[in-house]
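What's counted below: heavy atoms across the whole structure, side chains too, no hydrogens, waters or symmetry copies.
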Amino acid sequence: MLSTSLVLGQGYDLFSPSGRPAPAEGVVVDTPLKDEDLFAYIQRKQGKFDLTCYRQLIGAANAFKEGDQTLGVAAKDATSRANARTLLAATKLGDLNRILVFQDGISDLINQKTLRQETTQNWTVGELKQYVLTSPEEDIKNIIPSLTSDTIGCLVKLMSNDELIVVGQKVFNPLPNSQIGSKGYLSARVQPNSPTDHPEDIAWQVFDAWSYAVGDLLLGTNPVSSEPKSVAKIEATLFDIITTFRLQDTLPNCVLSHIDVQAQAEGLQPGTTGIWFQSLAGTEAANQTFDVTLDKMFAHMSQRHGRYGLYAETGQGADFTNGHGAGFDMVLHEARKYGFVRALQQQLSKEKTPEKTPWVFLNDVAGFIGPEVFRTKEQLVRCCLEDTIMGKLHGLTIGLDICSTLHMDVTLDDLDWCIAQVMPANPAYLMALPTKNDPMLSYLTTAFSDHVRIREQFGYKVNDAMWDFFKQIEILDAQGRPTEHFGDPIWVYYQYCLAKRDPRSKEDIYAEGQKCIARIRKRGVPITEGHGQQLWDLLPELDAEVHRLYEDAKVSLWTELDPVFTAAIPASVALRTQSEDRKDYVYHPESGEKLAAQALKTLRELRTNWGATIPDVQIIISDGLNPRALMDKGHLTPFLNGLQKALQENQYALSDQTLVIQHGRVRAGYACGETLFGNANTQRQKGIIHIIGERPGSGHHNFSAYLTVAAPSTWGQTGQVDHDISRVISGISDTALPPEQAVTDTLRVFQQLYTMI
């Protein structure tokens, strides 16, 4: 019997305890002997148990993805992958549960919350697969509480896409007192994002969604600003719409800021924050990047007593792209996130009847990170299917953001193909925006029109309570067929005004609505009206605009920072990262996080020249994923000039030189701070303001300012400064957040960070 004492050496950097690097070309797995399992194979090949080999074999069973290749756990070829799956299929669940690929507080929590059944412990993973494929839902749900997250993760590795769909079609976990997550239902999270957090942009996207009978799960906005007052203002906007239509017992609102900020917003406006949100990772260290701990999450859940509990977001690859891959594969990372959510759900449902259990649902943001995780449409489909089934087998209500970034090899047409491949698995919900293009996050996802098409193609229904509401406001007739008001957001606004007892005439309200839509579109936020030849077709001119933005994004992504532009920045110092070229930078983000040797030498010389007079602030500029965001007229120059002036007027000692990084990512700024400020002989805090081109796709050519302040002793610890202590001002451009206003916002947040230290 293998001992739990073998769970040792969970170091990162893809090295085994002996210091041997992981295979660069992929894991080679030889043909197993008859009935040989993972542990017998390792013993035969290594002469003893080897944790790195164990991780590599389990990872090699995965369908290929670039992220696993980077982690050093992807199979070299199809033969090695098949051999790894054969070994995994012969391995008993009890042994998998005893010999962990990685142990920390999250794995301990999952094991504590998993029931032990001796019968399942003696099954092999292959036997579990057959049971899940051939048994009815009731029998599957009887064993779900005994399945650890690692077991569920290993199970899906053995299944083909068709087999995953079979499981997806018979396991469902509906939210209490609703049909959301039930068989034959597909719900929608309306994602009314605004590049400026403008309440008008947000409210009208809700009216727009409802005009297409879309939006029955959540009104959830991704905010630009994380300041509690700003978050509270958006929450109030969404809560007002819900309560005006008396839908507070039908769906919640949410602003997807950090959970600490949502708690503060709730303090400012009690009762208005709806369901609480948090992004979660699969290890404790990775969660620290989100400024999240187990204790913090359980403490927040203890405050949730009403109908709505927790909305969590996850996604394969988020852990390793934040530097916390911990040597094991993305599927198991993702499965552990679901185990974390399941434990939080158990905490919320403790001592409550099923009818009063708060809602908990999970969103898998499958393709948001980029090509470093996976690049192709086939991999996106595989990821969505794996995650949907893992969520369902954790007993969770799971939905998908079937999405791609503009630097992935997934086109607009590809995304439609992906949706069609995934939908048979019947996830609980999808995202919903006016078009596929998010005007703030600059990525591709599902539009209102996609929901209309999916309902027609697959026969999926909307939560009954909201379907009745859509009939009530006459978007649908009594038989559920679209009326003349279908696709008319002003009609929904008119109904809103009537519910508010607005005394104005219909004509006056419509006139105001037309002006509102014109203002919103001028700010770069699309509002859809009507439809094309089919109910699910965009109008031709809007469809052309979506494709124009897509092409513009591709041009922006591959544009190089012009040396003439860099040289024109006053007192600029040119630096490079370890990216060999633009292609290397886009497809291998980690190369853009590390400074080249010459850049480090230049920074050390700059530090030496400072002597004992070390400035308080260093401004850094990086091209990011959109160099045009900096080079466009009226973008960087007014912001940079205004920021330098504002900092000096507020008595901050500003570095005389501005660092300009080619092929730079956010962490390249932290590397500059470490070299310049690390262990400086002063008690005064030091900060960087890192200006960087954002993901292209919105058409605004926005850039962001990442603000980080830390003590010199903290800067002196390599890797200690990270996203968890940084703040960001995003969406800066002449057509979104004006540079002049962004200067004011940046100074205010920077001053707050100094106060917090």
Side-chain angles (χ1 to χ4, degrees), residues 226 289 323 566 569-577 592-596 599-600 602-607 609-610 613-624 630 636 639-648 650-680 682-694 703-730 732 742-743 745-757:
S226 59
T289 306
T566 300
I569 298 173
S572 63
V573 176
L575 305 174
R576 286 184 64 98
T577 64
E593 296 180 342
K594 301 173 184 177
L595 297 173
L600 289 170
T602 300
L603 290 174
R604 286 192 287 267
E605 291 173 352
L606 178 59
R607 167 74 179 263
N609 292 337
W610 282 347
T613 308
I614 300 176
D616 299 323
V617 188
Q618 176 64 61
I619 294 178
I620 305 167
I621 300 169
S622 287
D623 47 6
L630 305 175
L636 177 64
F639 178 75
L640 181 60
N641 292 343
L643 179 62
Q644 291 172 329
K645 180 180 179 182
L647 290 168
Q648 291 166 344
N650 283 271
Q651 309 305 309
Y652 291 104
L654 181 62
S655 172
D656 292 336
Q657 294 176 295
T658 299
L659 308 180
V660 183
I661 306 176
Q662 185 174 17
H663 304 151
R665 292 189 180 259
V666 176
R667 284 197 176 94
Y670 303 152
C672 292
E674 290 172 357
T675 303
L676 295 175
F677 298 136
N679 298 313
T682 177
Q683 297 300 311
R684 188 173 173 87
Q685 290 76 34
K686 302 299 177 183
I688 63 170
I689 298 178
H690 190 179
I691 303 165
I692 187 166
E694 290 181 355
F703 62 90
S704 296
Y706 285 81
L707 321 177
T708 312
V709 177
S713 59
T714 302
W715 282 114
Q717 302 175 55
T718 302
Q720 184 65 29
V721 173
D722 209 343
H723 305 328
D724 58 325
I725 65 169
S726 299
R727 298 294 180 267
V728 61
I729 307 297
S730 60
I732 307 171
V743 168
D745 295 346
T746 302
L747 178 64
R748 181 179 67 254
V749 174
F750 197 74
Q751 290 174 321
Q752 291 172 355
L753 290 175
Y754 257 90
T755 303
M756 289 168 58
I757 296 296

**Student:** Is there a side-chain contact between V573 and L606 in this structure, where contact means two heavy atoms from C-beta onward sitting under 4.5 Å apart?
**Tutor:**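 Sidechains of L606 and V573: no contact.
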
**Student:** Nearest 0.5 angstrom please: S713 OG to Q685 CD, how far?
**Tutor:**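 So the OG of S713 and the CD of Q685 are separated by 9.0 Å.
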
**Student:** Is there a donor-acceptor contact under 3.5 Å linking the side chains of T708 and H690?
**Tutor:**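 Per modelled atom types, T708 and H690 side chains form no pair under 3.5 Å.
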
**Student:** Give a yes or no on whether N650 atom CG has more than 12 heavy-atom contacts from other residues, nucleotides or ligands under 6.0 Å away.
**Tutor:**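 Enclosed.
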
**Student:** I'd like to know if the side chain of S726 reaches the main chain of Y706, judged simply by a donor and an acceptor atom lying under 3.5 Å from each other, with no hydrogens or angles considered.
**Tutor:**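 Here the side-chain-to-backbone pair does not exist.
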
**Student:** Please name all residues satisfying side chain to side chain contact (heavy atoms under 4.5 Å, CB included) with D724, sequence neighbours left out, ordered by chain then number.
**Tutor:**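 Partners of D724 under the side chain to side chain contact (heavy atoms under 4.5 Å, CB included) test: D291, D722.
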
**Student:** Please round to the nearest 0.5 Å and tell me the distance separating atom CG of L630 and atom CD of E694.
**Tutor:**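 Rounded to the nearest 0.5 Å, the CG-CD separation comes to 10.0 Å.
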
**Student:** List the steps, then state whether side-chain contact (heavy atoms from CB on, under 4.5 Å) holds for L676 with W610.
**Tutor:** CA-CA 9 Å; L676 295 175; W610 282 347; 3.8 Å; yes

**Student:** With side chains defined as the heavy atoms from C-beta onward, is the minimum distance between V728 and V666 less than 4.5 Å?
**Tutor:**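 They are not in contact (no side-chain heavy atoms under 4.5 Å apart), so the answer is no.
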
**Student:** Can you check side-chain contact (heavy atoms from CB on, under 4.5 Å) on K686 and D616, steps first, answer last?
**Tutor:** CA-CA 5 Å; K686 302 299 177 183; D616 299 323; 3.3 Å; yes

**Student:** If you apply the rule side-chain contact (heavy atoms from CB on, under 4.5 Å), what do you find for T566 with Q662, and how did you get there?
**Tutor:** CA-CA 9 Å; T566 300; Q662 185 174 17; over 6 Å; no

**Student:** Do the side chains of V721 and I688 get nearer than 4.5 Å, heavy atoms only?
**Tutor:**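 I688 vs V721: side chains apart.
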
**Student:** Give, for atom CG of L659 and atom CG of L603, the distance between the pair rounded to the nearest 0.5 Å.
**Tutor:**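 L659 atom CG to L603 atom CG measures 6.0 Å (nearest 0.5 Å).
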
**Student:** Given 3.5 Å as the limit, does a donor-acceptor pair link the side chain of Q657 with the main chain of Q618, or not?
**Tutor:**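 No, Q657 side chain to Q618 backbone: no donor-acceptor pair under 3.5 Å.
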
**Student:** Rounded at 0.5 Å granularity, tell me how far CG in L636 sits from CG in N641.
**Tutor:**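 Going from CG on L636 over to CG on N641, the span is 8.5 Å.
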
**Student:** Holding to ring-ring contact (aromatic ring centres under 6.0 Å, His included), I want the full list of residues that pass it with Y652, two or more places apart in sequence or in another chain.
**Tutor:**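 Only F750, Y754 meet the ring-ring contact (aromatic ring centres under 6.0 Å, His included) criterion with Y652.
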
**Student:** Can S730 and S704 be counted as having a side-chain donor-acceptor contact under 3.5 angstrom?
**Tutor:**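 Distance-only check fails for S730 and S704.
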
**Student:** When you check the side-chain N and O atoms of H723 and Y670, is any donor under 3.5 Å from an acceptor?
**Tutor:**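 Yes.
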
**Student:** Would you give the length of the straight line joining atom CG of D623 to atom CZ of R665, rounded to the nearest 0.5 angstrom?
**Tutor:**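 Here the interatomic distance stands at 9.5 Å.
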
